[in-house]
There are 2 protein chains.
Amino acid sequence: MKKFTMADIAEMSGVGKSTISRYFNGGYVKEATRERIQAVIRECGYMPNSFARLNARESNIIGVVVPTLNSKITGRVITSIDRYLREQGYETLIKSSDHQIALELDNIRRLISLNVGGILLSSISITDQHRELIANSPIPVVVMAQEFDAGISVVDDDYQAGFEMGKYVGKSHPEHVVWLGITDTDRAVGIVRRQGVLDGLKSCGVSDIRLFSGDYSYESGQKMAKEALESGPVTAMICATDRLAFGAYHTLAQFGKRIPDDVSVAGFGGYDESELLSPELTTLKFDSYALGQLSAETILRLIRNEPVPVKQVIGFQLIPGKSVK
Amino acid sequence: MKKFTMADIAEMSGVGKSTISRYFNGGYVKEATRERIQAVIRECGYMPNSFARLNARESNIIGVVVPTLNSKITGRVITSIDRYLREQGYETLIKSSDHQIALELDNIRRLISLNVGGILLSSISITDQHRELIANSPIPVVVMAQEFDAGISVVDDDYQAGFEMGKYVGKSHPEHVVWLGITDTDRAVGIVRRQGVLDGLKSCGVSDIRLFSGDYSYESGQKMAKEALESGPVTAMICATDRLAFGAYHTLAQFGKRIPDDVSVAGFGGYDESELLSPELTTLKFDSYALGQLSAETILRLIRNEPVPVKQVIGFQLIPGKSVK
DNA sequence: CTGAAAGCGCTTACAG
DNA sequence: CTGAAAGCGCTTACAG
């Protein structure tokens, strides 16, 4: 495959390269010329190099920063972003922060200096540095899955979801409930979702609630479950994610506890696998595809200076399994 | 955040921009000058724009083409690639083909015309067009997870893995075995893995083996399992992936079949969830992190003109669950 | 060891 | 409707 440049195509079509550029960017090109160019392009399979648009007034690249490439939910979100942007003629540039906040900040800086058209940010944790960076960013930013009072966000309804789940579990009147959660630095999951759960439980009169926190790994779920069981009696475990619930299942089996007879378990995520556990995991599914697509739509609207809501809230669905009494 | 360019940094450091460029690309810079530049860079958090290296002799961007962003295994592979490349000072540019072969070809063309340093390709299916594209590519390509006789590949040992699994299941002397597979266009899984399984089974004297094929989805697993059960007696199901096995579990439950008493089930993938199924799924785990890292190492070696094996085979581990009699 | 100049593949006023 | 020219942020011979 020979590498064609715009100059090559221009020469082959017998026009100037400005015309080829206009052809691709929707400028004036006479119909006859347009057809001639099209023929040449088809012939050589030419596509312009998006990254060479160094002085274009706007880039057609959207940067996406995610906390990890290794999560089911992230997979759903970026799949849906990528699909939508591709349809709209944009390129997706994905950067993983690999769970490191310093890398996340670097990624944002990098995207800004790359002069991408817009940034979709799924943050590990929003710090003051994020606020400063975003406030001074010459490029629009949409924050995903995390409340962001100083800008535009598209979020899951973590509080309400937590509340529903708390109420659902609370209705069985468990005496001793534990929350297997995430550190506070992740506001959406660590704080908001947890608060929803607590309030939901309290609305049913549950008062003995013990809190644990760790990271997002399967192992962390196992570990927290163990700590919880060793810290006193437990009749229900509400886990911040399905993955943590998987870990809890593992530990409960080791401790010889039956689900839900001895201990009820619930998670958040709605992974396909959850319905295969025995008993089926009671979980709650956010519409991650919608979150991805709406975020992508929103960033494009910002780029086009169209009005956008400062906050959009995505729906969820509680999936009753058989793991709660 | 102001956007600094190399010219800004040059001015602020009181040197020419060639010197800044050399600073970043390991050229000669006097120690004193180097320190002065470093101070300025630290001050402004400047990073050069990798995509503006239009006429660099080599790019520090590695393109990665994956069939989907929505798979556990892909997640593991790209996580490990991204980590390794970052450590080595390279950028990862991920492009998803979203299960469309035409898009995959486009992605490869695109990366070539972007003039990335190298391409890591996880292909849906290697066609003649791929061969032509790769043969004429001015840029090195490493094919991942798929045999590639016309170039460099890093692959799972699909045949041997299939064989081991076939033997493992075969040892229980199941009378009627079905293979829930993937279309032939995916050679690695659709053909090689299947052949390994068949040979493994035959080595144990199993002869009644019926073959089914579909796509990689959970639903496809359900559907194939249903077809299999309706097509005649079944005492063992070997599934091309864990996800398909999850679908089979679902269908078997619907049909009132017990695992493994009525039907043995096995998969490939080694997902964490597999050990939580009841009974635990017998599966086989490829070392996807190793595959990612070795592929990344290999592409860098190719770029540096260091010798590389034409084919590297990654190990696997059979994880006996309780789903095989 | 360093800088001025030309060039990478593209876009954008501007003149025609 | 179109092209020559200047410019985007960078790299690379080349001369000093």
Side-chain angles (χ1 to χ4, degrees), chain A residues 2-38 40-41 44-61 89 91 109-117 138-139, chain B residues 2-38 40-41 44-61 89 91 109-117 138-139:
Chain A
K2 195 186 155 340
K3 250 154 40 190
F4 292 100
T5 80
M6 204 164 259
D8 296 329
I9 304 301
E11 191 182 5
M12 295 165 78
S13 323
V15 299
K17 50 193 181 110
S18 335
T19 306
I20 306 294
S21 177
R22 254 183 260 111
Y23 173 92
F24 280 107
N25 298 299
Y28 271 139
V29 182
K30 198 180 17 180
E31 191 50 32
T33 320
R34 181 175 295 282
E35 280 166 14
R36 205 139 35 89
I37 295 175
Q38 192 173 42
V40 175
I41 284 165
C44 3
Y46 170 76
M47 309 168 96
N49 178 343
S50 301
F51 293 98
R53 310 179 72 218
L54 259 19
N55 59 341
R57 107 178 67 80
E58 56 184 39
S59 158
N60 68 340
I61 299 166
E91 291 250 358
R109 283 194 205 98
R110 187 118 218 173
L111 290 171
I112 292 176
S113 78
L114 282 183
N115 200 27
V116 298
I139 290 169
Chain B
K2 195 186 157 334
K3 249 155 39 192
F4 291 100
T5 79
M6 204 166 260
D8 297 328
I9 305 299
E11 192 181 5
M12 295 165 77
S13 322
V15 299
K17 49 192 180 110
S18 335
T19 306
I20 306 294
S21 178
R22 254 181 261 113
Y23 173 91
F24 280 106
N25 298 299
Y28 272 139
V29 182
K30 197 179 19 178
E31 191 49 31
T33 319
R34 180 175 296 281
E35 280 165 15
R36 204 139 37 88
I37 296 174
Q38 192 174 43
V40 175
I41 284 166
C44 0
Y46 170 76
M47 310 167 95
N49 178 343
S50 302
F51 293 99
R53 310 177 73 216
L54 259 19
N55 60 340
R57 106 178 69 80
E58 58 185 37
S59 158
N60 67 340
I61 300 166
E91 290 251 359
R109 283 194 205 97
R110 188 118 217 171
L111 290 171
I112 292 176
S113 78
L114 282 183
N115 200 26
V116 297
I139 290 168

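Only this structure's heavy atoms are used, side chains among them; waters, hydrogens and symmetry mates stay out. Residue numbers begin at 1 in each chain, while the letters A, B, ... track the order of the sequences.
- The side-chain heavy atoms of B/Arg22 and B/Thr19, taken from C-beta on, include a pair separated by under 4.5 Å.
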Footprint string (nucleotides 10-16 of chain D, 5' to 3'): B base within contact, S backbone only, - free, heavy atoms under 4.0 Å: BBB----
Stepwise side chain to side chain contact (heavy atoms under 4.5 Å, CB included) test for B/Arg34 and B/Ile37: CA-CA 5 Å; B/Arg34 180 175 296 281; B/Ile37 296 174; 5.9 Å; no
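- Taking atom CD on A/Glu11 and atom P on D/dA4, their separation rounds to 12 Å, with Å as the unit.
- Taking a pair as Watson-Crick or G-U wobble with both distances under 3.5 Å, the runs of three or more consecutive pairs in DNA chain D are C:1-3 with D:14-16, C:5-12 with D:5-12, C:14-16 with D:1-3.
- Between the CG atom of B/Asn115 and the C1' atom of C/dG7 there is a distance of 14 Å, given to the nearest Å.
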Trace of the side chain to side chain contact (heavy atoms under 4.5 Å, CB included) decision for B/Ile41 with B/Tyr23: CA-CA 11 Å; B/Ile41 284 166; B/Tyr23 173 91; 3.4 Å; yes
B/Asn115/A/Asn49 under side chain to side chain contact (heavy atoms under 4.5 Å, CB included): CA gap, chis, key distance, verdict: CA-CA 9 Å; B/Asn115 200 26; A/Asn49 178 343; 5.6 Å; no
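- Here the side chains of A/Thr33 and A/Arg36 are in contact, with some heavy-atom distance below 4.5 Å.
- In this model, the phosphate group of C/dG3 is approached by a side-chain N or O of B/Thr19 to a distance below 4.0 Å at OP1 or OP2.
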Worked check of side chain to side chain contact (heavy atoms under 4.5 Å, CB included) between A/Ile61 and A/Arg53: CA-CA 10 Å; A/Ile61 299 166; A/Arg53 310 179 72 218; over 6 Å; no
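- Atom CD1 of B/Ile9 and atom C1' of C/dG3 are 17 Å apart (whole Å).
- Here the side chains of A/Val15 and A/Val29 are not in contact, with every heavy-atom distance at 4.5 Å or above.
- Residue B/Arg36 contributes atom CZ, which lies 14 Å from atom C1' of C/dG3 at whole-angstrom precision.
- Within the 4.5 Å cutoff, the side chain of B/Leu111 has no heavy atoms near those of the B/Ile139 side chain.
- Atom-to-atom, CZ of B/Arg110 to C1' of C/dG9 comes out at 13 Å; the value is rounded to the nearest Å.
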